Amino acid sequence: MSAREKDHSDSLPSGPSVVLSFLVLAFILTPFFLLSCGKKGPPTLRSFKQPPSPVLESVLHREDAIIIFWSFPRGKEKEIAGFEVLRSSDGEYRKIAEADKNVRSFADTNFSDNTPYQYMVIARTSSGIASPGSNMLRVRPVQPPRPPEDLSFTVKSDSVILSWTGTGGGSLYNIHRRFEGEEYGMAPVNDMPLSVNSFRDELFIDRTVFYTVRSLRDTGVWNEGRPSRELVVSARELVPSAPEGLSYFTTSDRVFLFWKAPEETWIRGFRIYRRMNEAGYSLIAETRIPAFIDADNPGIPRDYRITTLGPEKESPAAGITVDFSKDR
């Protein structure tokens with residue numbers, strides 16, 4: 001071997017040092033190979049964390065469904081994949097449905113009247129970790145009563161009064177309301193079921209309102225029947241009361257008219273119509289107060305008609321005749 005070859009061979013590592021060098025290099029490059037291959041890293045503690053438990057809030061038997069409602073800690077939805085609804089009628093809970101993580105209710109339509117049921121909800125992560133079970137709600141559905149009939153309304157001052165024919169048999173009633181372009185919600189307008197056949201609600205002047213009434217039996221759970229026919233209340237259709245107590249006095253050049261305003265708080269004012277010299281009535285003024293001064297053509301006998309203005313319609317007219325010759 002030449003001296004040059006000998007020097008070159010002496011510069012190469014050999015034996016255990018070669019093995020050690022390869023091990024160090026492999027240790028350094030392994031993470032890069034794993035990343036380049038798209039492999040996931042090892043699971044973290046978060047992957048095995050148990051999600052919080054849902055809370056069952058209420059249950060409602062409406063028509064042909066038992067509807068349960070639950071809540072879930074705010075901001076924790078990102079930790080779960082969804083919910084599972086469990087039901088028991090014999091002491092053993094079985095899964096009957098799955099719900100999206102953004103859902104907070106479920107309608108069970110596969111049940112029998114007069115059979116006791118228990119419901120529970122759990123949350124589950126995408127890796128299959130289940131939360132502790134929620135609290136349990138019991139329900140024994142009974143046949144709901146038939147809908148109320150003859151639903152009608154009257155308007156008093158600033159309120160609307162609904163009335164209907166009751167269904168008897170100890171039935172209670174819930175009032176459901178919606179506005180034009182909306183749908184009925186699950187909750188009634190009244191705080192507690194009504195035992196009377198009437199309900200007073202505020203009058204909405206600028207909105208059309210729709211009502212239905214549901215009969216129910218309260219067994220610790222509301223068993224609501226089907227809705228009554230829909231009743232439409234539109235302030236545009238309201239006809240106000242006519243002015244009362246119309247009277248006047250005159251001076252040499254004026255007629256002073258005054259009257260008692262109706263009790264409705266939603267009236268917009270009054271219109272004054274006048275007739276002179278046997279001509280027809282013509283509109284001469286509108287006023288927001290129950291009084292008017294007429295200074296036109298003093299001394300000429302005349303007739304007045306006064307109406308009340310509603311949101312869109314007028315009341316019947318109250319009339320009075322003014323004869324200057326008789327008033328002097």
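The structure displayed is predicted, hence computed values, not measured ones.
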Can you sort out the partners of Arg274 under side-chain hydrogen bond (donor to acceptor under 3.5 Å, both in side chains), two or more places apart, ordered by chain and number?
-> Asp294, Asp296
With Phe153, which of Asp201, Val232, Leu231 fulfils side chain to side chain contact (heavy atoms under 4.5 Å, CB included)?
-> Leu231
Intermediate values then yes/no, side-chain hydrogen bond (donor to acceptor under 3.5 Å, both in side chains), Thr212 and Ser228 | CA-CA 5 Å; Thr212 61; Ser228 68; 5.3 Å; no
In terms of side-chain geometry, is the basic nitrogen of Arg305 or Glu314 positioned less than 4.0 Å from the acidic oxygen of its partner?
-> no
Flag, side chain of Glu77 to backbone of Gly75, donor-acceptor distance under 3.5 Å = yes
Without swapping roles, check the side chain of Tyr119 against the backbone of Ile67 for a donor-acceptor pair under 3.5 Å.
-> no
Counting only heavy atoms not in Glu183, do more than 12 fall under 6.0 Å of its CD?
-> no
Could you please spell out the steps behind the side chain to side chain contact (heavy atoms under 4.5 Å, CB included) verdict for Asn297 and Arg302?
-> CA-CA 10 Å; Asn297 297 313; Arg302 63 201 63 196; 4.0 Å; yes
Are the ring centres of Phe204 and Phe179 closer than 6.0 Å?
-> yes
Indicate the ring-plane relationship of Phe258 and Phe249, choosing parallel, tilted or perpendicular according to the 30° and 60° boundaries.
-> tilted
Are any of the side-chain nitrogens in Arg124 or Glu98 under 4.0 Å away from the carboxylate oxygens of its partner?
-> no
Residue pairs, two or more places apart or on separate chains, that pass side chain to side chain donor-acceptor pair (under 3.5 Å) and touch residues 132-150 | Asp150-Thr165
Any chance the rings of Phe83 and Phe72 have centres within less than 6.0 Å?
-> yes
